[in-house]
Amino acid sequence: MIEFPQLSLHVPEPAVRPGGQPDFSNVNIAKAGSVPRPEVDAASEDIRDLAYSIIRVLNRDGEAVGPWAGLLSDEELLTGLRHMMKLRAFDARMLMAQRQGKTSFYMQHLGEEAVSCAFRKALRKGDMNFPTYRQAGLLIADDYPMVEMMNQIFSNEKDPLRGRQLPIMYSSKEHGFFTISGNLATQYVQAVGWAMASAIKNDTKIAAAWIGDGSTAESDFHSALVFASTYKAPVILNIVNNQWAISTFQGIARGGSGTFAARGLGFGIPALRVDGNDYLAVYAVSLWATERARRNLGPTLIEYVTYRVGGHSSSDDPSAYRPKTESEAWPLGDPVLRLKKHLIVRGVWSEERHVQAEAEILDEVIQAQKEAETHGTLHAGGKPSVRDIFEGVYAEMPPHIRRQRQKAGY
Amino acid sequence: MIEFPQLSLHVPEPAVRPGGQPDFSNVNIAKAGSVPRPEVDAASEDIRDLAYSIIRVLNRDGEAVGPWAGLLSDEELLTGLRHMMKLRAFDARMLMAQRQGKTSFYMQHLGEEAVSCAFRKALRKGDMNFPTYRQAGLLIADDYPMVEMMNQIFSNEKDPLRGRQLPIMYSSKEHGFFTISGNLATQYVQAVGWAMASAIKNDTKIAAAWIGDGSTAESDFHSALVFASTYKAPVILNIVNNQWAISTFQGIARGGSGTFAARGLGFGIPALRVDGNDYLAVYAVSLWATERARRNLGPTLIEYVTYRVGGHSSSDDPSAYRPKTESEAWPLGDPVLRLKKHLIVRGVWSEERHVQAEAEILDEVIQAQKEAETHGTLHAGGKPSVRDIFEGVYAEMPPHIRRQRQKAGY
Amino acid sequence: MARMTMIEAVRSAMDVSMERDDDVVVFGEDVGYFGGVFRCTQGLQAKYGKTRCFDAPISESGIVGTAIGMAAYGLKPCVEIQFADYMYPAYDQITQEAARIRYRSNGDFTCPIVLRMPTGGGIFGGQTHSQSPEALFTHVCGLKVVVPSNPYDAKGLLIASIEDPDPVMFLEPKRLYNGPFDGHHDRPVTPWSKHELGEVPEGHYSIPIGKAEIRRQGSAVTVIAYGTMVHVALAAAEEMGVDAEVIDLRSLLPLDLDTIVQSVTKTGRCVVVHEATLTSGYGAELAALVQEHCFYQLEAPIVRVTGWDTPYPHAQEWDYFPGPGRVGRALAEVMEA
Amino acid sequence: MARMTMIEAVRSAMDVSMERDDDVVVFGEDVGYFGGVFRCTQGLQAKYGKTRCFDAPISESGIVGTAIGMAAYGLKPCVEIQFADYMYPAYDQITQEAARIRYRSNGDFTCPIVLRMPTGGGIFGGQTHSQSPEALFTHVCGLKVVVPSNPYDAKGLLIASIEDPDPVMFLEPKRLYNGPFDGHHDRPVTPWSKHELGEVPEGHYSIPIGKAEIRRQGSAVTVIAYGTMVHVALAAAEEMGVDAEVIDLRSLLPLDLDTIVQSVTKTGRCVVVHEATLTSGYGAELAALVQEHCFYQLEAPIVRVTGWDTPYPHAQEWDYFPGPGRVGRALAEVMEA
Ligand SMILES: Cc1ncc(C[n+]2csc(CCOP(=O)(O)OP(=O)(O)O)c2C)c(N)n1
Ligand SMILES: Cc1ncc(C[n+]2csc(CCOP(=O)(O)OP(=O)(O)O)c2C)c(N)n1
Ligand SMILES: [Mg+2]
Ligand SMILES: [Mg+2]
């Protein structure tokens, strides 16, 4: 009988830790324009390669190239840039507000703005997102009022969620934005159910599920893929791979699979990887996937390759687990700067107009904040009522909760 | 804006229902001997095809052919045949005992005997299986005493599990057989943990996880693949695809993926499909996978393509949901008959010896049953004690359980 | 009026609901073509088509997760969990999602789903086909928890549950499916056709969630029970000749506290019965409430008769099951105290 | 003796255990290189290597499932669930597997695992960083449930839990990590270094699971509490000038019923305090037991002071949290009854 050597446990580790030189040389990046664009009714087994490549439109010179280019007008792109700038400005102000104690908690999108902003453009009124906490671009790009977002963040007297939810856990049915859960991944399979319902009712609306790279390890990710695959649900299964899950690098969740997109292949679900910092590429891929869904061809999985430049949340300091300069070394650049450059190359934008737009947007955000603050912030001014604790647990308040409300003096 | 048509829900259905003509023409079956045998250290991406084919050794004429053949001696094959025959005879008797009211419940292996019997041969002492209820061949082929199995099935005074567990939910650490759970799939990820522990301790033992086709939809299947992939655990991830999960055909769990083996590809886990009714093929593939694990090359996923000939359990009547004659049409034949034929072709077996062996085995099973019945059956004779209800909830009985035991009069 | 078993009553409730409301959909493991392992959904796929009644993959979290999504869309899913013992993979979706969607979105989204699940022992199902997990639901605000004890209630309560705007856990005591089992496992089972509560209207009716029913008037002691234990309690009272008032809760959350308090105020004594394990079972909540609200009327400690704090054993089923003998002894104990 | 925060005490318990026993392994989300979001495992990977302390994928069911497998092999995994609110995906593995492996295999396999999980509110964590799910564990036979209230106990109980042959749910009240929080959120926090129970031996010691501790002697009323509520109860007793006896349970399952019964027999009055929601909370079990065992000694109804039956709200945190005001009023109520 053959003698085998001792086993040992393999524990994946990031290439570099604090103190080391950032190194992304292992990230395999396809040239912009090089990945083909299949028909939307392509069979999943014929496009497996797309799960291992990266679809990109904007090249280093800021030009839009290849088969995925050419879908957006100047106007649309200018609006897209404005959305991303607005989200970034909003984030900066709210993070500051958190530092000032106006709210308890904040989560920003720095570096990932293109993903949710460009995706939103591919949706129609009535479609439904099941987002995580890092897709506020879906609201911004749908012109959901910033003041409402801030009211929620400040848990003030105008908070649409009446102080019940953690800051940034927005909800807006009207804007196709399902109530955010603090529990990871749960919403992924719910999106599939929503899409199944639309199909059951012979409706034309589609759903979009959202998840982070780290959270794909959760069980609900599997349930979602199983149900989406079996019932060919009209849903887009989005994975935002921003390289990190709090302190844990993506290798822990990804294991030996090469890419997160590859997860779809085991289910016969077409899976695409896209440069998540390329507004044009994100839009193009999103449109492809939504068209598939709308034509009843079933689900599509999209992995957005991006980078979380900021901390995980306002409670996190990434310098404890990754080099401080890692984000600068990130090879896919900054989504705002890249689109800005493209628009300049296109001849419809300039450094000056950009600076001016920045100022305008900042002003808009500040105005919104001023208004929101007149309704209170977490520890000052108008607040939701103690009554609000007891309401809405059920459609109708049952006797035991009424007794408790009375005991609380309300 | 393009107008899209109404959506509709896709609900997979089996090709035929009761009253229809069994039809397996959609089952794509590779010729015996046609699938290549890669080195055990092959990279998963280089052997993706194995997830879509079927490895087979025995051809129609009963010959062992191709690169996966030639691993077992006459002696070993004769023993293998005997194991399968024993399992089949055991099942038949116990099903009858259930009909006679000697136990409450039974689950048989009819048609699937090769899977667990041949796999066991690839394991070594100290390795651990995390089985489902349909791998009793692991015990039979390891010469676990049939009387013990029957004592458990009869919940009698010698029941090693003291009447606590449903019939057939065996446990034997000594025989590398983890305590069976009535909850599907839970054990799949535990097997990965066990394998990780072996690697952490620089041991040489490996683990085997077992699951049915239908149960791959459960979340724990995903957890298992995630952890196995990330930590390269020395574990074999077995999927027994017997075409049915109670009344639900495999298409419901499999969705659009083509095969269950394909699930492994999304994790970079080498995935092989094998003719589960071919003792030689099952053994060859199992050996390949165990060698990979022992050489610290990580997990392997194996899909055994087989057919559940009997009812799901003693509570089930399959004629309610599939044609009565479907099992006869199953293109991969019967594992016992196929190995028998091979041994006859090999010149080491004959019809007469087979008939004689059947009689011997039946006698052996009957003797065991007689002995077991002297210790009681579910409603007659010796029983476990009421005390046994209260013991073993914890290593040491806490006061509240002692009080309850006293209240019960024991 | 028709005679129905509890299975037929449950099926009829779904049938009536699907007929009246296109938004009602039914799915779960084996519920489509086959009609469910207990046959509760038999015929529904043939009648309403396979997009309104269909088989699901074996994934309880997926079943509940997709049901929540469907409910958010506007459907009213009524799903089957094959055994209550298998709801645990869905416990996260049930407690962290379904139960809180209305609250956390301030009513922007809601979750009108029903989870039907066969519950309780008495069928030699061992530790994984016998569980009574109701207390794991009653601790979770946002859920409703219903346990019928007969066909008439089962149908009326299930229709009410499907029409309810919030998530309802609908626990079906499987030992009652075919008859009013009173715990005398050695006697022949009376079928529902011989019981007045086996008379079930064929059409639509509903029973409000949150109202208990007194099954037996009495003045000496109050027995609080639900599901199978209602019949056990009735048998025990009869056999002991105790003038017990037997309350069938029907709904555990919300709870009909008024009916309980009225009864115990009258009787001064109380026995609580359930099949689930003792510690932190729903009986604890009932005992806590009764002592709180009837402290000055109580003449004896409240006694709980329940399953033991062990897994449900297979062979020793009848030593585990709180049958009429144990309930009878508890009645005697309380009366003597 | 060293002064430790509760974080340091917990870390020290793991350190001592890993040092003494090679079979102890620690893993969970962010616990490896980074040392955990509350820094409880900081330094352990550097000291014991990455195969004994490592990061896990975000899969609580996978974490617990693999831990069970490791325990079956012979290891003693002590894993971290990042927040108790996130244990639900693992609830199936915890309750249907870990809790029953010894029983169902008749001791052939066992499951010596510890699940550490930060619990409770008071940090503006909203409904998904504030939960107290202890009653969801106490209803499950086969589990042990421990809740320390100070660094000294945290270390001794965690060591005992790691050495225990059965699965232990170890709930760490996160609001106590840095000091003995008494519910006065508007006052500066006293650090543990100023508290005698912040004195923690550096080496090995253990505190038996199942023994309560009386934190304040008294004869007028018994307050039963655990975790953060111990400090709230002590403050309330002081502030109300009530001669309360405050019991710190430390272990909920098994429960030190003797200590409770002795105390209530003496005082004749009882208040139960916890942060979890009221209905079917662990307070229900405590009230049920106290009325059962001390019925004839009780002079007033047992009062429960708990979180409301609603999700834990974000902004109205201090109207939800059962602070010294509410506990004080309950003491007054019980004394007046
Ligand atoms: C069920 C559950 N487990 C753990 C957490 C704690 N947690 C919150 S965010 C996070 C990391 C998620 O990483 P990823 O999915 O990559 O998303 P990202 O934050 O990068 O967008 C963790 C572990 C949680 N919220 N829910
Ligand atoms: C968590 C859970 N859900 C549901 C069941 C009920 N159940 C028992 S076996 C079974 C079918 C399993 O089918 P498969 O995995 O294909 O295994 P097979 O019986 O064919 O070997 C079902 C649904 C269960 N035991 N556990
Ligand atoms: Mg991430
Ligand atoms: Mg099967």
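Just so we're on the same page: letters track the sequence lines, and every chain starts at 1. The basis for the numbers below is simple: all heavy atoms, side chains too, and nothing from hydrogens, waters or symmetry mates.
A donor-acceptor pair is defined here as one N or O able to donate and one able to accept, closer than 3.5 Å; such a pair exists between the side chain of C:Gln316 and the backbone of B:Arg162. Although no hydrogens or angles enter the test, the distance criterion places a donor-acceptor pair under 3.5 Å between the side chain of B:Gln404 and the main chain of C:Asp309.
Interface remark: B:Pro318 contributes no atoms to any contact with chain C (heavy atom separation under 4.5 Å). No part of C:Glu317 comes within reach of chain B, as not one of its non-hydrogen atoms sits under 4.5 angstrom from that chain. Heavy atoms of C:Leu278 lying under 4.5 Å from chain B belong exclusively to its side chain. When heavy atoms are compared at a cutoff of 4.5 Å, C:Asp85 approaches chain B solely by way of its backbone atoms N, CA, C and O. Heavy-atom distances place the side chain of B:Leu184, and not its backbone, under 4.5 Å from chain C. Only the side chain of B:Leu378 has a heavy atom closer than 4.5 Å to any heavy atom of chain C. Only the side chain of C:Phe54 comes within less than 4.5 Å of a heavy atom of chain B; its backbone N, CA, C and O stay farther away. Only the side chain of C:Gln82 comes within less than 4.5 Å of a heavy atom of chain B; its backbone N, CA, C and O stay farther away. With a threshold of 4.5 angstrom between heavy atoms, B:His400 approaches chain C through side-chain atoms but not through N, CA, C or O. Both the backbone and the side chain of B:Phe390 come within contact range of chain C, with heavy atoms under 4.5 Å apart. Only the backbone of B:Ser385 comes within contact range of chain C, with heavy atoms under 4.5 Å apart. Interface remark: B:Val11 contributes backbone and side-chain atoms alike to the contact with chain C (heavy atom separation under 4.5 Å). Only the backbone of C:Tyr312 comes within contact range of chain B, judged by heavy atoms closer than 4.5 Å.
Interface summary for chain C: among B:Arg164, B:Glu218, B:His379, the most heavy-atom pairs under 4.5 angstrom belong to B:Glu218. Per-residue counts of heavy-atom pairs under 4.5 Å with chain C were compared for B:Thr216, B:Ile401, B:Leu166, B:Val386; the largest is that of B:Leu166. The most heavy-atom pairs under 4.5 Å with chain C, out of B:Gly392, B:Pro12, B:Ala253, B:Pro384, come from B:Pro384. The most heavy-atom pairs under 4.5 Å with chain B, out of C:Arg326, C:Glu60, C:His129, come from C:Glu60. The choice from B:Thr186, B:Leu161, B:Ile246, B:Thr103 that makes the most heavy-atom pairs within less than 4.5 Å of chain C is B:Ile246. With respect to chain C, the highest number of heavy-atom pairs below 4.5 Å among B:Lys383, B:Glu13, B:His10 belongs to B:Glu13. Between chain C and the options B:Ser104, B:Ser155, B:Ser247, B:Ser315, the largest number of non-hydrogen pairs under 4.5 Å is found for B:Ser247.
Taking all atoms of both residues into account, the shortest heavy-atom contact from B:Ala217 to C:Ser59 is O-CB, 3.4 Å. Of all non-hydrogen atoms in B:Tyr321 and C:Tyr33, the two that sit nearest each other are CA-CE2, 3.8 Å. C:Ile58 approaches B:Ala245 most closely through the heavy-atom pair CD1-CB, 3.8 Å. Closest of all the heavy-atom pairs between C:Tyr86 and B:Gly182 is OH-O, 3.4 Å.
Summarising the local packing, NZ of B:Lys158 is surrounded by 12 or fewer heavy atoms from other residues, nucleotides or ligands at distances under 6.0 Å. For NZ of B:Lys324, the number of neighbouring non-hydrogen atoms (other residues, nucleotides, ligands) closer than 6.0 Å is 12 at most.
Between B:Asp388 and C:Pro313 there is no side-chain heavy-atom pair separated by less than 4.5 Å. Side chains of C:Trp308 and B:Lys407 form a contact here, defined as non-hydrogen atoms less than 4.5 Å apart.
For the atom pair C:Asp319 CG and B:Arg387 CZ, the distance stands at 13.5 Å (nearest 0.5 Å).
For B:Thr248 and C:Asp30, the side-chain atoms include at least one donor-acceptor pair closer than 3.5 Å.
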